[in-house]
Every structure is written in structure tokens, then in C-alpha cells.
*Asks:* 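Have a look at this one.
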Amino acid sequence: MNNMQLAVAAHSAANEVYDRIAEPISAIAQLGEWISSSGMFGCTKVEQGHIIAMQCLAEKKSPFDIKRTYHLVNGQPTMRADAMLAGYRARGGKVIWKQFDAKVAAATWKYDGNEIDISYSLEDAKAAGLYPGKPGSGWQKDPAAMLRARLISKAIRMIAPEVVMGIYTPEEAQDFGAESTKVTVSKADDSAVIGKLEALFETREEEVNAFLISTGKIKEGQNFRDLPTDVASKVISKPDLILSKLPKIETAEVVG
């Protein structure tokens with residue numbers, strides 16, 4: 001049995017499972033609880049698990065199949081750029097890459113009788129206020145990948161909107177979240193404040209970010225640098241409010 005036959009068989013099996021469900025609402029509630037309690041998709045609330053479970057039933061796919069396509073960012077479903085591209089190609093779309101580096105992503109897109117050259121450059125990202133981005137962001141770490149993701153979303157949204165139907169990429173959702181925070185929340189964007197936060201938490205950033213997300217101080221996809229100014233000032237004055245909540249670091253005893 002080849003890969004295509006395996007995929008068809010797996011899809012057929014999933015259909016049979018969902019077709020046997022007599023009470024969809026109860027199934028959504030149970031599946032949603034399993035998804036949220038597992039932490040899959042980065043869920044932090046059971047309601048998020050319920051939404052994903054609804055998508056599973058709507059598409060008759062397992063959570064693992066849905067995870068290959070969708071991700072939660074700031075509580076919103078997003079579609080990976082590679083999933084968008086796969087959906088586009090599955091519908092007969094073609095893409096011919098012309099450039100893909102840290103300066104520009106450019107390609108020729110062919111779909112449904114249309115052919116168009118579309119690009120997304122670092123200058124476009126700068127004009128949109130996305131680059132250079134925050135320390136540790138995707139724009140800092142891998143601008144080429146970010147440009148490619150932006151181009152895929154831009155192009156497919158333009159010539160094959162039925163593929164995405166209003167869903168954005170995780171990279172776009174993170175950027176939207178950052179822009180929204182700047183408008184609605186007074187952030188700790190003073191370099192001196194960020195410097196003090198980094199001096200306190202940079203060596204344990206992953207643990208600190210996880211704690212802040214779990215307590216609702218920041219959202220999924222953000223980090224301690226996104227703390228509102230008033231909260232950041234309080235944390236700087238009393239860092240044990242966070243450090244005391246982190247797992248203890250075991251140190252080896254030195255024998256003289």
C-alpha cells in the first residue's frame with residue numbers, strides 16, 4: 001500500500017469514527033477536555049480545546065491531523081504557511097520560487113488561469129513596522145523564513161482565498177498581537193526597564209515566560225519583555241514574586 005492509499009484509508013477510518021457519534025455536543029465537550037488537559041496546540045483554557053474539537057468534527061479529522069494544519073496563537077486558530085501552500089498545491093496551484101533569502105521572498109504564482117509575480121521584501125516588513133522586531137522574535141532569528149511565510153499568505157490570500165478563508169499564519173498572528181498590545185497596553189518598552197528584566201530573567205527565560213503565561217500576565221507567543229510597564233516595575237522591585245515560583249535548580253555539592 002503506497003502513501004496515498006494509506007492516507008485515503010486513514011481518512012476513511014476517521015470518517016467512520018465521527019459518523020458513529022450520536023451526540024456531537026457531548027463528543028465535543030469530552031474531546032475538548034482531553035485536548036486542553038494535554039496542552040496540545042498550546043491550549044491554556046478548556047474553551048480553546050472545545051473550539052479545536054469542533055473543527056475536528058467539522059473536518060472529520062483527528063486532533064493530530066488538525067495539528068498539522070492549525071496552531072493557536074494568542075487564543076486564535078492560525079494556519080501554518082506550509083499548510084497553506086500544501087492546500088494551494090492540492091487545488092492545482094503552482095509556485096515557482098525566484099528568490100528566498102533574508103532580503104526578499106519572490107515567486108511566480110499560477111492558479112485558475114492566472115499567473116502573477118508576487119514578492120515580500122524586508123523593506124515591506126520595515127514599512128509595516130514588523131522588522132527588526134523584538135529580541136528573540138522570528139524576525140530577529142530567521143528573517144528569510146518570516147518573509148517566505150508572509151509571501152505565501154499574501155499570495156494565496158490574493159489568488160486562492162478559498163484555501164485560507166480568513167485564517168492567518170502563526171507569524172502574522174504574533175505580529176498582530178504585538179501591534180494590538182502596543183495600541184491598547186502601556187508596555188515596558190523603555191530600554192532601561194527591559195535591560196533590568198533581562199538581567200533578572202534571561203538565564204531562565206523559558207520558565208519565566210511559561211509562568212507569566214499561566215498566570216495571565218502575558219499571552220501565548222509573548223515573553224517577559226511584553227509585561228505592561230506597571231507590572232514590570234513591580235517585578236523589578238520584587239523579583240522573588242516570580243523567581244520563588246520557579247523550580248529549584250539543583251547544585252552539586254563541592255567536596256573539599
Side-chain angles (χ1 to χ4, degrees), residues 32-53 63 67 70-80 125 128-143 145-146 149 167-251:
E33 289 177 12
W34 289 339
I35 291 172
S36 60
S37 62
S38 72
M40 197 175 187
F41 298 90
C43 287
T44 58
K45 299 178 181 178
V46 68
E47 292 83 1
Q48 295 171 335
H50 290 163
I51 295 299
I52 294 168
K67 194 174 188 299
Y70 300 102
H71 286 256
L72 280 184
V73 176
N74 296 328
Q76 301 298 319
T78 64
M79 183 184 291
R80 290 168 49 115
L130 304 175
Y131 187 84
K134 296 177 294 186
S137 68
W139 288 106
Q140 288 276 311
K141 294 178 179 178
D142 193 351
M146 298 295 283
I167 300 292
Y168 289 89
T169 66
E171 295 83 1
E172 288 175 312
Q174 288 172 349
D175 291 333
F176 294 159
E179 291 163 7
S180 174
T181 304
K182 288 178 183 177
V183 172
T184 61
V185 179
S186 176
K187 287 178 56 181
D189 54 4
D190 180 82
S191 59
V193 173
I194 292 178
K196 291 177 182 178
L197 289 172
E198 289 179 337
L200 289 169
F201 302 137
E202 197 164 26
T203 59
R204 305 191 69 182
E205 178 163 353
E206 185 174 337
E207 296 167 293
V208 171
N209 291 341
F211 173 76
L212 292 173
I213 290 172
S214 70
T215 56
K217 295 292 190 299
I218 59 175
K219 297 179 179 180
E220 193 74 34
Q222 295 182 317
N223 59 56
F224 64 78
R225 301 172 187 85
D226 296 299
L227 284 169
T229 302
D230 59 335
V231 178
S233 299
K234 184 176 181 180
V235 168
I236 290 170
S237 64
K238 295 181 179 180
D240 281 346
L241 291 173
I242 292 177
L243 293 175
S244 64
K245 303 296 191 300
L246 303 182
K248 301 295 183 184
I249 298 177
E250 298 293 335
T251 57

*Asks:* Could you tell me whether E205 and R225 have a side-chain N and a carboxylate O separated by less than 4.0 Å?
*Replies:*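 Result for this pair is yes, salt bridge flagged.
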*Asks:* Is there a donor-acceptor pair under 3.5 Å between the side chain of Q140 and the backbone N or O of S137?
*Replies:*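 No; zero donor-acceptor contacts below 3.5 Å.
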*Asks:* Counting only N and O atoms by type, is there a donor-acceptor contact under 3.5 Å from the side chain of S233 to the main-chain atoms of T229?
*Replies:*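 Looks like yes, one N/O pair under 3.5 Å.
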*Asks:* Distance check, rounded to the nearest 0.5 Å: F211 atom CZ versus K217 atom NZ?
*Replies:*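 Between atom CZ of F211 and atom NZ of K217 there are 6.5 Å.
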*Asks:* Indicate the atoms forming the closest heavy-atom contact of A53 with I35, along with that distance.
*Replies:*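 Minimum heavy-atom separation between A53 and I35: N-CD1, 4.2 Å.
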*Asks:* Indicate the atoms forming the closest heavy-atom contact of N223 with P135, along with that distance.
*Replies:*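 Taking every non-hydrogen atom into account, ND2-O, 4.1 Å.
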*Asks:* With side-chain contact (heavy atoms from CB on, under 4.5 Å) as the criterion, how do L200 and F224 come out once you've worked through the C-alpha distance, each side chain's angles and the decisive distance to 0.1 Å?
*Replies:* CA-CA 10 Å; L200 289 169; F224 64 78; over 6 Å; no
*Asks:* To the nearest 0.5 Å, what is the distance between CG (N209) and CD (Q222)?
*Replies:*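 Reported value, rounded in 0.5 Å steps: 10.0 Å.
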*Asks:* Rounded to the nearest 0.5 Å, what separates atom CD in E47 from atom OG in S36?
*Replies:*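 If we round to the nearest 0.5 Å, E47:CD and S36:OG are 8.5 Å apart.
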*Asks:* To the nearest 0.5 Å, tell me how far L212 CG sits from I242 CD1.
*Replies:*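 Result: 4.5 Å between the selected atoms.
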*Asks:* Under the side-chain contact (heavy atoms from CB on, under 4.5 Å) criterion, do V235 and L241 qualify, and how do the steps go?
*Replies:* CA-CA 7 Å; V235 168; L241 291 173; 5.6 Å; no
*Asks:* Flag the pair D226 and K134 as a salt bridge only when some basic side-chain nitrogen lies within less than 4.0 angstrom of an acidic carboxylate oxygen.
*Replies:*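 Salt bridge present between D226 and K134.
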*Asks:* Evaluate side-chain contact (heavy atoms from CB on, under 4.5 Å) for K219 paired with I213, printing each intermediate quantity in order.
*Replies:* CA-CA 6 Å; K219 297 179 179 180; I213 290 172; over 6 Å; no
*Asks:* Just by distance, do the side chain of D240 and the backbone of L243 share a donor-acceptor pair under 3.5 Å?
*Replies:*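 Such a contact is absent between D240 side chain and L243 backbone.
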*Asks:* Taking NZ in K141 as the centre, count heavy atoms belonging to other residues, nucleotides or ligands within less than 6.0 Å. Is the count above 12?
*Replies:*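 Counting other residues, nucleotides and ligands, NZ of K141 stays at 12 neighbours or fewer.
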*Asks:* Quick one: pull up CG in L197 and CD1 in I236 and give me the separation to the nearest 0.5 Å.
*Replies:*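 L197 CG to I236 CD1: 4.5 Å, rounded to 0.5 Å.
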*Asks:* How long is the span from the CD atom in E207 to the CZ atom in F201, to the nearest 0.5 Å?
*Replies:*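 Result: 11.5 Å between the selected atoms.
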